[in-house]
Amino acid sequence: MAPHLATAQSATNDLRRGAESSSVVTEQGALTDDGGVGDPQRVNAAYQPKGIAVGNYILFPLVDLSETYNSNIYATQQKAKSDFITRIAPEIWARSQFADDQLNFLGRLEQSYYKTFNHDSHLDATLHSDGLYHISRDTQFSGSVDATQAYEDRGSPDDQGGLEPVRTRNIGGQAALQQQLGRFTVSGSLAGGVHDFHDVPRTDGGVIDEDDRDRSDFTVTGRTAYELYPGYAAVGQASFNKVMYDQKVDDDGFKRSSQGYRLETGVGVDLTQLIRGDFLIGYLHQNIDDPRFKDPSGLAVKVAFNWTPDRMTVVVPSLERSLQETTLSRSSQIVHSGGGVLVRRELQRNVVVTFSSYIYNDDFEGSGRQDWTYDNRLRAIWSLAPEYYIGAEIGYRRRYSSVENAAFSQQVGLLRFGLRV
């Protein structure tokens, strides 16, 4: 749930934004859109709350209430079941006010109540902290820590149709060091996490064992950028990762731990108030411990940039090819290829509209399964005053699959109301 904090921070501290420009002009990328959680922070500064000053911090309490209709809550191909979901989400964000450096905190709860199928009612929780420290004018250190409790989406390919959604608990963090050396910018980062999946009851009275999915992982990344001329840089990036499953051999007799690398090169663009982002292409490879699995490898792509045709609009095209974990039988990993576009527009100083459209292909390496997923969403937020706002969203998701009964379609509609200080 942390992405909306990062978005709010970047918009607040981006010195390239003019005093009257909208918060919509700084985005992390279309494929990492926060689903509307951070939309209240994207309206004009005149409609933002003052917060509560406490020492070197400003506290921003918020309570978000929403009512959602979902036409297919279990994401099934046949006999779809619809329901209404009421969500209550209190949070508090503590934003630091130090002269140069930052140390921010976020706490958030999200209780979801299903009107009819109450076995799916659940509580999500997030604790997040991030910071930035300038060691010198040309050297900076940044990092973040997250602890979350979340419930797996019913549309996940690893969902086995239990009586309840799968509860996951995750602890993770990252640290990065960046050094400016003339026209060179050199950075290195370390990210890692621990992921725990809880067993869930079956509809027939048994138990679905999720222990096979428990794992920890880390990734080390190095990046170099050389400014060819103002606004354009040649970029080289390399990362190494290791995935370690708690159970050396899973219930099907496979070793799923792995290690791999990703090498990319391309162009970084940073033209003030116009376009910024990366265009990277390269090669990726993952070596699975079990020799019966085919090691996924091939083209690596990451394209994500912000185009701001005017101060009130951002267009965010994205393209990505990466690997994802799965424990589906006979599949070593998911080769995930996706592309999309996000368009965000400030219609008025207190009204922000967002449209997103994504297409994904998931190739389950070794099993022959192929999924295509299409997702389209339109949402709006209207801040009636700094202390309260209303919002709405409609969405449609469709998955086609080469596996029987894995396809589904789903429509959602949402209304929300928020109070803040």
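From a predicted model like this one, the values you see are computed outputs, not experimental measurements. Worth knowing before you read on, the calculation uses all heavy atoms, side chains too, and leaves out hydrogens, waters and symmetry mates.
Using modelled atom types, one side-chain atom of S332 and one backbone atom of K294 make a donor-acceptor pair closer than 3.5 Å. Counting only distance, with no hydrogens or angles, the side chain of S331 and the backbone of Q333 share no donor-acceptor pair below 3.5 Å. R183 contributes a side-chain N or O that, together with a main-chain N or O of E227, makes up a donor-acceptor pair within less than 3.5 Å. In this structure, the side chain of S129 engages the main chain of N104 through a donor-acceptor pair within 3.5 Å. A donor-acceptor pair under 3.5 Å is formed between the side chain of H122 and the backbone N or O of D120. Checked by atom type and distance alone, the side chain of Q149 pairs as donor or acceptor with a backbone atom of L123 at under 3.5 Å.
For the pairing with Q180, the side chain to side chain donor-acceptor pair (under 3.5 Å) check across T139, T185, D138 returns one residue only, T185.
Taking the six-membered ring wherever Trp is involved, the centroid distance between the rings of F254 and F293 falls below 6.0 Å. No close placement of the Y389 and F417 rings is indicated, their centers lying 6.0 Å or farther apart. The six-membered or imidazole ring of Y261 lies away from that of F240, with a centre-to-centre distance of 6.0 Å or more. Taking the six-membered ring where the residue is Trp, the centroids of Y232 and Y229 are separated by under 6.0 Å. Checked against a 6.0 Å centroid threshold, the rings of Y360 and Y374 do not count as neighbours. Side-chain rings of F141 and Y133 stay apart, their centers remaining 6.0 Å or farther from each other.
Using the six-membered ring where Trp is involved, F117 and Y74 have ring planes that are perpendicular, over 60° apart on the 30 and 60° scheme.
In this structure the side chain of V412 never reaches within 4.5 angstrom of the side chain of R397, judged on heavy atoms. Side-chain contact between D310 and T308 is absent, with no heavy-atom pair separated by less than 4.5 Å. Between R344 and V352, the closest side-chain pair of non-hydrogen atoms falls below 4.5 Å. Put simply, the side chain of I135 reaches to within 4.5 Å of the side chain of L177, judged on heavy atoms. Using a 4.5 Å heavy-atom cutoff, the side chains of N70 and Q410 are in contact. A 4.5 Å side-chain heavy-atom check between S96 and D101 finds every atom pair outside the cut-off. Side-chain contact check for N170 versus D146: every heavy-atom pair is 4.5 Å or farther apart. Under the 4.5 Å side-chain criterion, counting only non-hydrogen atoms from C-beta, E164 is in contact with P201.
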For this session: Before giving the answer on side chain to side chain donor-acceptor pair (under 3.5 Å), spell out for S356 and R377 the whole-Å C-alpha distance, their side-chain angles and the decisive distance to 0.1 Å.
Result: CA-CA 5 Å; S356 61; R377 296 181 183 272; 5.8 Å; no
Exercise. Passes side chain to side chain donor-acceptor pair (under 3.5 Å), R262 versus S239? Steps please.
Worked result: CA-CA 5 Å; R262 183 177 178 123; S239 64; 5.7 Å; no
Problem set entry | From CA spacing to verdict: ring-ring contact (aromatic ring centres under 6.0 Å, His included), Y388, Y47 | CA-CA 9 Å; Y388 53 92; Y47 288 87; over 10 Å; no
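Distance check, rounded to the nearest 0.5 Å: CD of Q259 to CD of Q286 gives 7.5 Å. Atoms CG and CZ, on N306 and R276 in that order, are 6.5 Å from each other to the nearest 0.5 Å. Between R95 atom CZ and I58 atom CD1 the span is 5.5 Å, to the nearest 0.5 Å. Note that OG1 of T327 is 6.5 Å distant from CG of D212, once rounded to the nearest 0.5 Å. Here the CG atom belonging to L414 is positioned 5.0 Å from the OG atom belonging to S66, to the nearest 0.5 angstrom. Rounded to the nearest 0.5 Å, atoms CG (L280) and CZ (R223) are 6.0 Å apart.
Heavy-atom minimum distance, I288 versus S258: CD1-CB, 3.7 Å. F364 and P157 make their closest contact through CZ-CB, 3.6 Å (heavy atoms, listed as atom of the first residue, atom of the second, distance). Residues D159 and G161 share a closest heavy-atom pair of OD2-N, 3.1 Å.
Comment: D250 engages R256 in a salt bridge, judged by a side-chain N to carboxylate O separation of less than 4.0 angstrom. Between D217 and K242 no salt bridge is recorded (no basic side-chain N to carboxylate O distance below 4.0 Å). The existence of a salt bridge linking E320 and K302 is excluded, since no basic side-chain nitrogen approaches an acidic carboxylate oxygen closer than 4.0 Å. Ion pairing of R420 with E387 is absent here, as no side-chain N (NZ or NE/NH1/NH2) approaches a carboxylate O to less than 4.0 Å. The residues D371 and R369 are annotated as salt-bridged, a charged nitrogen and a carboxylate oxygen being separated by less than 4.0 angstrom. Ionic pairing of R108 and E91 is present here: one or more N-O contacts between side-chain nitrogen and carboxylate oxygen are shorter than 4.0 angstrom.
One side chain, N361 or Q370, offers a donor N or O that lies under 3.5 Å from an acceptor on the other. Defined by atom type and a distance below 3.5 Å, a donor-acceptor pair is missing between the side-chain atoms of N287 and H285. For the residue pair R399 and T373, no side-chain donor N or O sits within less than 3.5 Å of a side-chain acceptor on the partner.
Counting non-hydrogen atoms of other residues, nucleotides and ligands closer than 6.0 Å to NZ of K115 gives a total of 12 or fewer. Around atom CD1 of I208, more than 12 heavy atoms belonging to other residues, nucleotides or ligands sit under 6.0 Å away.
With sequence neighbours left out, the side chain to side chain contact (heavy atoms under 4.5 Å, CB included) criterion links Q140 to L132, H134, Q178.
A cation-pi contact, defined as under 6.0 Å to the ring centre and within 45° of the axis, links R213 to F197.
Note on residues 45-72: pairs passing salt bridge (Lys or Arg N to Asp or Glu O under 4.0 Å), not counting sequence neighbours, are D64-R416.
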